[in-house]
Amino acid sequence: TPLAIHGTRRDSIIYWQLPMPIFITHALVGAGFSRAVDRPDKDLHFAVVTAKVAAFMAIFPDVDILAFIAGIPYWHWAGHRGVLHSVAFAIVLASFAFWLVRREFPQAGRREWLIFCASAVSHGLLDMATDGGLGSAILFPFTKQRLFWAYRPVPVSPGWSGLFSWGFPLFMWEVGLLWPPAIACFVLGTRWPSKVRWPIIFALLVLTAVIWLKRWDLLYGMRLEFFL
């Protein structure tokens, strides 16, 4: 089945040139978000575990790259960026992780569950901003359509095969643009009063988004581009 990639039609795809942000970036987004919204009076060990689980939630959807080895086509709902990148799967995954965490930390509650859910969902949303491959089946099972954001500034990752050749500049692009707000969220975390840290975090996120879009209409909302 032909695939539409970058607006053209091709009969095949180089499987190991995976169109996704580097997995470390996904992990930083999850961990940074966890620290930014966590409770300031939380036990340190519990807070670290929460951040680690959030990072894992943000990485896990890319386990579907194993679909290539299993011979599942990229465009299939079970393929890469398919069901595992959906909001529905993120909720299931986060709920299971929450159940495991609560066995060790009975004080875990709705905040931790929401952190895990948001971290898992962030993976598909970030992949929708990449400039190659298929979009994310973010709304599966309600639709199998692969969705992109209208503007996709994140260069595709080459996967391990090209990471240390032409992929390295793309990796540095992510380090320069995506890592600062994530690291800021992690560092500021719960150390600063919410009245101080939230304006700073919000300003960094808006600045990053504006740089991404290279335009100011971000403040008026983003459009979805449907991938058929």
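If you read the sequence from its start, that first residue is 1, and numbering goes on from there.
- Counting all heavy atoms, side chain and backbone alike, P61 lies closest to A120 at CG-O, 4.2 Å.
- There is no path of hydrophobic side-chain contacts, each under 4.5 Å, that joins V63 to F96.
- For T50, the side-chain hydrogen bond (donor to acceptor under 3.5 Å, both in side chains) test picks out K42, with sequence neighbours left out.
- Under the side-chain hydrogen bond (donor to acceptor under 3.5 Å, both in side chains) criterion, S95 pairs with W113, not counting sequence neighbours.
- Taking both residues in full, the closest heavy atoms of G124 and S136 are given as O-OG, 3.1 Å, listed atom of the first, atom of the second, then distance.
- Residues L93 and W99 fall into different hydrophobic clusters, defined by Ile, Leu, Val, Met, Phe, Trp and Tyr side chains chained together at heavy-atom separations under 4.5 Å.
- Remark: F60 pairs with F56 by the ring-ring contact (aromatic ring centres under 6.0 Å, His included) rule, at least two apart or across chains.
- Between Q107 and E112, every side-chain heavy-atom pair lies at or beyond the 4.5 Å cut-off.
- Residues L114 and V49 are members of one and the same hydrophobic cluster, defined by side-chain heavy-atom contacts under 4.5 angstrom among Ile, Leu, Val, Met, Phe, Trp and Tyr.
- Within the hydrophobic cluster formed by Ile, Leu, Val, Met, Phe, Trp and Tyr side chains joined at under 4.5 Å, directly or through other members, F142 stands alone, with no partner residue.
- The side chain to side chain contact (heavy atoms under 4.5 Å, CB included) search around A97 returns V53, M57, F116, not counting sequence neighbours.
- Partners of K144 according to the salt bridge (charged side-chain N to carboxylate O under 4.0 Å, His left out) rule, which considers only residues two or more places apart in sequence or in another chain, do not exist here.
- F33 and A118 make their closest contact through CE2-CB, 3.5 Å (heavy atoms, listed as atom of the first residue, atom of the second, distance).
- V92 and V83 are members of different hydrophobic clusters when ILVMFWY side chains are connected at heavy-atom separations under 4.5 Å.
- The side chain to side chain contact (heavy atoms under 4.5 Å, CB included) search around V121 returns V87, A90, L125, not counting sequence neighbours.
- The main-chain N or O of V37 is found under 3.5 Å from a side-chain atom of R111 such that the two form a donor-acceptor pair.
- The aromatic rings of H123 and H26 sit parallel, their planes meeting at an angle under 30°, below the 60° perpendicular limit.
- Considering every non-hydrogen atom in both G82 and D64, the closest pair reads N-OD2, 3.8 Å.
- Evaluation of the ring-ring contact (aromatic ring centres under 6.0 Å, His included) rule for F105 yields H45, F46 as partners, not counting sequence neighbours.
- Looking at heavy atoms from C-beta onward, H80 lies in side-chain contact with D62 at the 4.5 angstrom threshold.
- Through direct or indirect side-chain contacts shorter than 4.5 Å among Ile, Leu, Val, Met, Phe, Trp and Tyr, V48 is connected to L44.
- For the pair I91 and C117, the tightest heavy-atom approach, listed with the atom from each and the gap, is CA-SG, 4.2 Å.
- Residues F148 and L134 are not in side-chain contact: their nearest non-hydrogen atoms beyond the backbone lie 4.5 Å or more apart.
- In this structure, the separation between NE2 on H85 and CG on D127 is 4.0 Å, given to the nearest 0.5 Å.
- Residue S119 holds its OG atom at 10.5 Å from CD1 of I59, rounded to the nearest 0.5 Å.
- The shortest heavy-atom contact between A78 and I72 is C-CG2, 4.1 Å.
- Residues in residues 92-105 take part in no salt bridge (charged side-chain N to carboxylate O under 4.0 Å, His left out) pair, two or more places apart or across chains.
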